[in-house]
Amino acid sequence: MPISRRELVKKFKDLGFEGPYSGGRHQFMVKGALKVRIPNPHKLQDISDSLLQEILRQAGISKTEFDKC
């Protein structure tokens, strides 16, 4: 199910990430040494399920853990 960027950022903060910070072409969020790129805010469309899965994989977060937040 698609998710808004705002909801993605909120859930990542609930999982202990800080940010989002600006950097290059994309913003990113940080948790310790882990740095995860997130989609740019200027696009109005929601984040697709496939892109969400890729972001979660890079962050080392399971879909179950993400859904609990």
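Heavy atoms only: backbone and side chains are in, while hydrogens, waters and symmetry mates are out.
Between Leu8 and Ile3, the shortest heavy-atom distance links the atoms N-CD1, 3.9 Å. Lys13 approaches Gly19 most closely through the heavy-atom pair CE-O, 2.8 Å. Closest heavy-atom contact between Asp46 and Pro2: CB-CB, 3.8 Å. Residues Pro39 and Arg5 approach most closely at O-NE, 2.7 Å, considering heavy atoms.
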Task: Residues Asp49, Lys63; criterion side-chain contact (heavy atoms from CB on, under 4.5 Å); working and verdict - done: CA-CA 11 Å; Asp49 196 44; Lys63 180 79 167 122; 4.1 Å; yes
- [ ] Under the side-chain contact (heavy atoms from CB on, under 4.5 Å) rule, what do His26 and Ile38 come out as? Steps first, then yes or no, please.
- [x] CA-CA 7 Å; His26 294 277; Ile38 58 172; over 6 Å; no
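Of the inter-residue distances, the one linking Arg37 atom CZ with Arg25 atom CZ reads 10.0 Å to the nearest 0.5 angstrom. Here the CZ atom belonging to Arg57 is positioned 11.0 Å from the CD1 atom belonging to Ile55, to the nearest 0.5 angstrom. The CD atom of Gln53 sits 10.0 Å away from the OG atom of Ser62 when rounded to the nearest 0.5 Å.
Transitive grouping of hydrophobic side chains (ILVMFWY, heavy atoms separated by less than 4.5 Å) brings Leu51 and Leu15 into a common cluster. In terms of hydrophobic clustering, with Ile, Leu, Val, Met, Phe, Trp and Tyr side chains grouped at heavy-atom distances under 4.5 Å, Val30 and Phe17 are assigned to different clusters. Residues Met29 and Leu34 fall within the same hydrophobic cluster, defined by Ile, Leu, Val, Met, Phe, Trp and Tyr side chains chained together at heavy-atom separations under 4.5 Å. Hydrophobic cluster membership differs between Val36 and Phe28, with clusters built from Ile, Leu, Val, Met, Phe, Trp and Tyr side chains linked at under 4.5 angstrom.
Ion pairing of Glu7 with Lys10 is absent here, as no side-chain N (NZ or NE/NH1/NH2) approaches a carboxylate O to less than 4.0 Å.
Using cut-offs of 30° and 60° on the angle between ring planes, the pair Phe66 and Phe12 is perpendicular.
Between the side chains of Ser50 and Ser48, at least one donor N or O sits under 3.5 Å from an acceptor N or O.
For Lys35, the NZ atom sits in a loose shell: 12 or fewer heavy atoms of surrounding residues, nucleotides or ligands are nearer than 6.0 Å.
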